[in-house]
Number of protein chains: 2
Amino acid sequence: MDVKSLCLGALSLKDASGYEIKKMFEEGPFSHFYDAGYGSIYPALNKLLADGFVTCTEIEQEGRPAKKVYSLTETGLSSLKEDLNKLPVLDKTRSESITMLFFGHLLSPKHREEILESYIDYFRNGCECIEGVDPTGQPAGRLFVRGLGLAVYEAAANYMEENKDLLLSIDEENDETEKQNNLLVETGDAA
Amino acid sequence: MDVKSLCLGALSLKDASGYEIKKMFEEGPFSHFYDAGYGSIYPALNKLLADGFVTCTEIEQEGRPAKKVYSLTETGLSSLKEDLNKLPVLDKTRSESITMLFFGHLLSPKHREEILESYIDYFRNGCECIEGVDPTGQPAGRLFVRGLGLAVYEAAANYMEENKDLLLSIDEENDETEKQNNLLVETGDAA
DNA sequence: TTGATTATATATCAAAACGATATATATCAA
DNA sequence: TTGATATATATCGTTTTGATATATAATCAA
């Protein structure tokens, strides 16, 4: 499922402009499991328009470019359903926060704490974000995904709050770290 | 933190070839929060070599191309520490499974169940993968990330198993779905 | 035993995606 | 009043991806 498919998915929820689709990905219903930038959204919309999967209505605005509102066509809905009927590829995740915590021993204690607290906040805010949307009348799939997100975010935040001492107790310059580093070197060379 | 930085990170754990680095991303310690393909790993290693961040030892092999083993230099370690000292960007996640479950009402019941059961298996297998590695002697950061992964994967699998009826009870063609779709259209147009 | 599959290795490249940038007014908070 | 943010349309250089190339070794199932 590429960015074009996801734009079709967004437009299956409601008609939207490129800017609004970006907001749906970034802050809206998709924000916890999908994102794409303007660099791919606008080309995708142009391609979908050329292929007849969407139609476009331009609304003149004062002091701004005309707003282009895209709507899903029947052809587009069929294409979306076809994509949804395939098997999903594995999740793709890239987390700089987890990567930095993984290398916690190479960070200063202050930086380590900063990243950890920010990451906890990220999940707490994510929960509030999800809870801030009234679930009444939402389709079952969306409710399910909402509940999944909450479960995962709460588990992550709870684990990190309960285990922060494990990470914050690292002494960057002590013998234990060096011993651990030497153990890693030895383990690596054993291969 | 781009692919070059992550290659430096991988080499901080042990010397490795491009192929081994890919395995570390795909199946090893990074597999739950970072991945990259050969298409970016080999160019990254070549750039790091040119920049003096790594050195390279070629080991001749019978019947195969020579194995190129890369090692981190002091310059490379400094560059890695510098990258780790920055603030992380937000996590980037792209999940086709969650996207498909989100649009559950557009799927057949059989396909919905297939995706759901596969996704539960993905997390259960992920837990077994993590638990299959002996944590003894691992640095605190790595232990912390290991625990976080377990907490998140278990929460996800548990939630989905406990709530699968919510998703599997969707009747694709019934009035409820149409009513929900109409509600969505009305909600969308209210904007 | 044999054929299929997977593992081990090095890579490249066309296509897709990203993030910064361009342009410019409206709105808001200090 | 000023700086930051929001609302809009986009593009483009850079990065990344996924398929592909090449080829033998090892493993596995029939």
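Below, chain A is the first sequence line, B the second, and so on; all start at residue 1.
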Nearest heavy atoms of B:I130 and B:G149, plus distance in Å: CD1-C, 4.1 Å

Nearest-Å distance, CD1 (A:I21) to P (D:dT9)? 9 Å

One should read off an interatomic distance between A:L8 CG and A:I21 CD1, to the nearest 0.5 angstrom, of 9.0 Å

Where along residues 51-66 of chain A does a heavy atom come under 4.0 Å from DNA chain D, residue by residue in number order? A:Q61, A:R64, A:P65, A:A66

Roughly how many Å is it from CG in B:D2 to C1' in D:dT14, rounded to a whole number? 11 Å

Judged by each residue's nearest nucleotide on DNA chain D, which is more toward the 5′ side, A:K67 or A:N46? A:K67

Of all residues at least two apart in sequence or in a different chain, which pass the salt bridge (charged side-chain N to carboxylate O under 4.0 Å, His left out) check with B:E154? none

Taking only residues two or more places apart in sequence, or in another chain, which ones meet B:R124 in a salt bridge (charged side-chain N to carboxylate O under 4.0 Å, His left out)? B:E161

Quick one, which residues of residues 87-97 of chain A touch DNA chain D with a heavy atom under 4.0 Å? A:K92, A:R94

Considering only heavy atoms, which members of residues 23-42 of chain B lie under 4.0 Å from some atom of DNA chain C? B:Y38, B:G39, B:Y42

So if you build clusters from Ile, Leu, Val, Met, Phe, Trp, Tyr with side-chain heavy-atom gaps below 4.5 Å, do A:Y38 and A:L11 land together? no

Enumerate donor-acceptor pairs with a distance under 3.5 Å from any side-chain N or O in residues 46-58 of chain B to protein atoms, sequence neighbours excluded.
unit_1: B:N46; atom_1: ND2; unit_2: B:Y42; atom_2: O; d: 3.4
unit_1: B:K47; atom_1: NZ; unit_2: B:D51; atom_2: OD2; d: 3.0

Listed once per pair and sorted, the ring-ring contact (aromatic ring centres under 6.0 Å, His included) pairs that draw on residues 150-170 of chain A, sequence neighbours left out: A:H32-A:Y153, A:F123-A:Y153, A:Y159-B:F144

Any residue meeting side-chain contact (heavy atoms from CB on, under 4.5 Å) with B:S40, in chain and number order, not counting sequence neighbours: B:V3, B:A36

Rounded off to whole Å, could you give me the CE-to-C1' distance for the A:M1 and C:dA17 pair? 16 Å

B:E26: which residues meet the salt bridge (charged side-chain N to carboxylate O under 4.0 Å, His left out) condition with it, sequence neighbours left out? B:K22, B:K23

To the nearest 0.5 Å, atom CD1 of B:I98 lies from atom OH of B:Y119 at 3.5 Å

Is the cationic atom of B:R142 (NZ for Lys, CZ for Arg) positioned less than 6.0 Å from the six-membered ring centroid of A:F102 and within 45 degrees of its normal? no

Which residues share a side-chain contact (heavy atoms from CB on, under 4.5 Å) with A:N85, sequence neighbours left out: B:H111

Interatomic distance, A:L45 CG vs D:dT11 C1' [rounded to whole Å]: 15 Å

From NZ of A:K47 across to C1' of C:dA17 the rounded distance in Å is 16 Å

Considering residues at least two apart in sequence or located in another chain, which fulfil the salt bridge (charged side-chain N to carboxylate O under 4.0 Å, His left out) criterion with A:E113? none

Go ahead and write out DNA chain C as dot-bracket, 5' to 3': ( ) for pairs within the strand, [ ] for ones crossing earlier pairs, | when the partner sits on another strand, dots for unpaired; Watson-Crick or G-U wobble, both distances under 3.5 Å. ||||||||||||||||||||||||||||||

